[in-house]
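The structure displayed is predicted, hence computed values, not measured ones. All chains are named by letter (A, B, ...) in the order of the sequence lines, taking the proteins before the strands, and each is independently numbered beginning at 1.
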There are 2 protein chains.
Amino acid sequence: MIMMGSIMHARERMIQSAALLFRERGIEATALSDVIEHSGAPRGSIYHHFPGGKAELAEDATRYAGDYVAGLIEAVAERNDPVLLVRSFVDQWRTVLRDSDCCAGCPIVAVALDSGEQSGVRRAAAAAFERWQQLCADALRAKEVEPQRAKSLAALMVASVEGAIVLSRVQRDTAPLDLVGAELESLVREAIAA
Amino acid sequence: MIMMGSIMHARERMIQSAALLFRERGIEATALSDVIEHSGAPRGSIYHHFPGGKAELAEDATRYAGDYVAGLIEAVAERNDPVLLVRSFVDQWRTVLRDSDCCAGCPIVAVALDSGEQSGVRRAAAAAFERWQQLCADALRAKEVEPQRAKSLAALMVASVEGAIVLSRVQRDTAPLDLVGAELESLVREAIAA
DNA sequence: GTCTATACGAAGATAGAC
DNA sequence: GTCTATCTTCGTATAGAC
């Protein structure tokens, strides 16, 4: 489904480039020419592959990023260890921060915040967040956590990590994400022990 | 220091309008003409009051919003009840969401995310977040919470609420903030009881 | 399909009158 | 101080050639 590094068609490369650029600069500050340059795609092909223009590209990039992260969550969820799930979720975002000197964040957040009235983009972002929360809640329920508690813990997991990414970017330091990750781990550990 | 509703000079009105518009649309999507229209300020006065242009206005708006929220936190911190602090912090943001049909969020986050290389703006945002965390940590330490724990709990408080605001905006529903608020309250209650 | 050229509009910033 | 007019840049989108 998601191919990174391997041979891709121009359309897929553009989607991936868009996601990478959006998470650093946001949609508004990313020009279509930036996406073309970054992806190495032919100049004239953007409106061929994305007749809906920037909005369509943003929507596809949002879905791409949402599916990619959901895939990572699903993979670790199979281990049936919610604490490990928290840790690997946090680790994944720390890597994004580290690899970019704390300049890159979550593309879904970036897209969500300046999508304005482009409801297609916003809905794609909502779908991604809801799916991540659902996967986290499922993992907790599989360890006998009450459904309501699982739901609110899942919301806390996704919200606090996303917020911590923002704080880490602004402070140019992964410390907020590190602190939040530690708190989340112990909270989840207690919840599944109860 | 912060006057809302009362008589203000054009400069202050513009700063407040900028903060209000930024938290809905972000910096990039907010034109200076939007700020002039919203504030009712005279057209020719923007570069008179803000010689540095949009970047200077954004920096001042970030400081304004950061100070405003810090003032609210300080006011409730005097009651010496961290659980109440969490509740009123969450309530305040829920009101922002409700009053805007979940379209408005935190101006600091909005500014942080598309500030790019405008380091003055980013530094102002970092200062705001660090001060909020410091105030929360102080409130926890005043109730005998260990300094290290107070620090990580404070990071979790700010990060999770900020993240929850983003989720609530994207999902057009305050549910994520409500769930996170409830989890935070019980977590803080346990921390100060220990 | 991919390219170049260009139309069109938006927005930041400046100059100079009042 | 405030206003109008304008310059300039830039980005989306389109048209039409190859």
Rounded to whole angstroms, how far apart are [atom1] on [X] and [atom2] on [N]?
{"X": "B/Leu32", "N": "C/dA10", "atom1": "CG", "atom2": "C1'", "value": "12 Å"}
{"X": "B/His48", "N": "C/dG16", "atom1": "NE2", "atom2": "P", "value": "19 Å"}
{"X": "B/Glu37", "N": "D/dC3", "atom1": "CD", "atom2": "C1'", "value": "17 Å"}
{"X": "A/Arg43", "N": "D/dA13", "atom1": "CZ", "atom2": "C1'", "value": "14 Å"}
{"X": "B/Tyr47", "N": "D/dC7", "atom1": "OH", "atom2": "C1'", "value": "13 Å"}
{"X": "A/Lys54", "N": "D/dT14", "atom1": "NZ", "atom2": "C1'", "value": "17 Å"}
{"X": "A/Ile46", "N": "D/dA15", "atom1": "CD1", "atom2": "C1'", "value": "17 Å"}
{"X": "B/Glu28", "N": "D/dT12", "atom1": "CD", "atom2": "P", "value": "11 Å"}

Practice prompt. For residues B/Phe89 and B/Met157, report the shortest heavy-atom separation together with the two atoms involved.
Written response: CE2-O, 4.4 Å
Worksheet item: What pair of heavy atoms forms the shortest contact from B/Gln171 to B/Pro176, and how long is it?
Response: NE2-CG, 3.8 Å
Worksheet entry | A/Arg149 side, atom CZ; A/Leu140 side, atom CG - distance, nearest 0.5 Å | 8.5 Å
Worksheet item: Would you call B/Arg94-B/Asp178 a salt bridge at under 4.0 Å N-O?
Response: yes
Worksheet item: Between D/dC3, C/dA11, D/dA13, which one does the side chain of B/Pro42 approach most closely?
Response: D/dC3
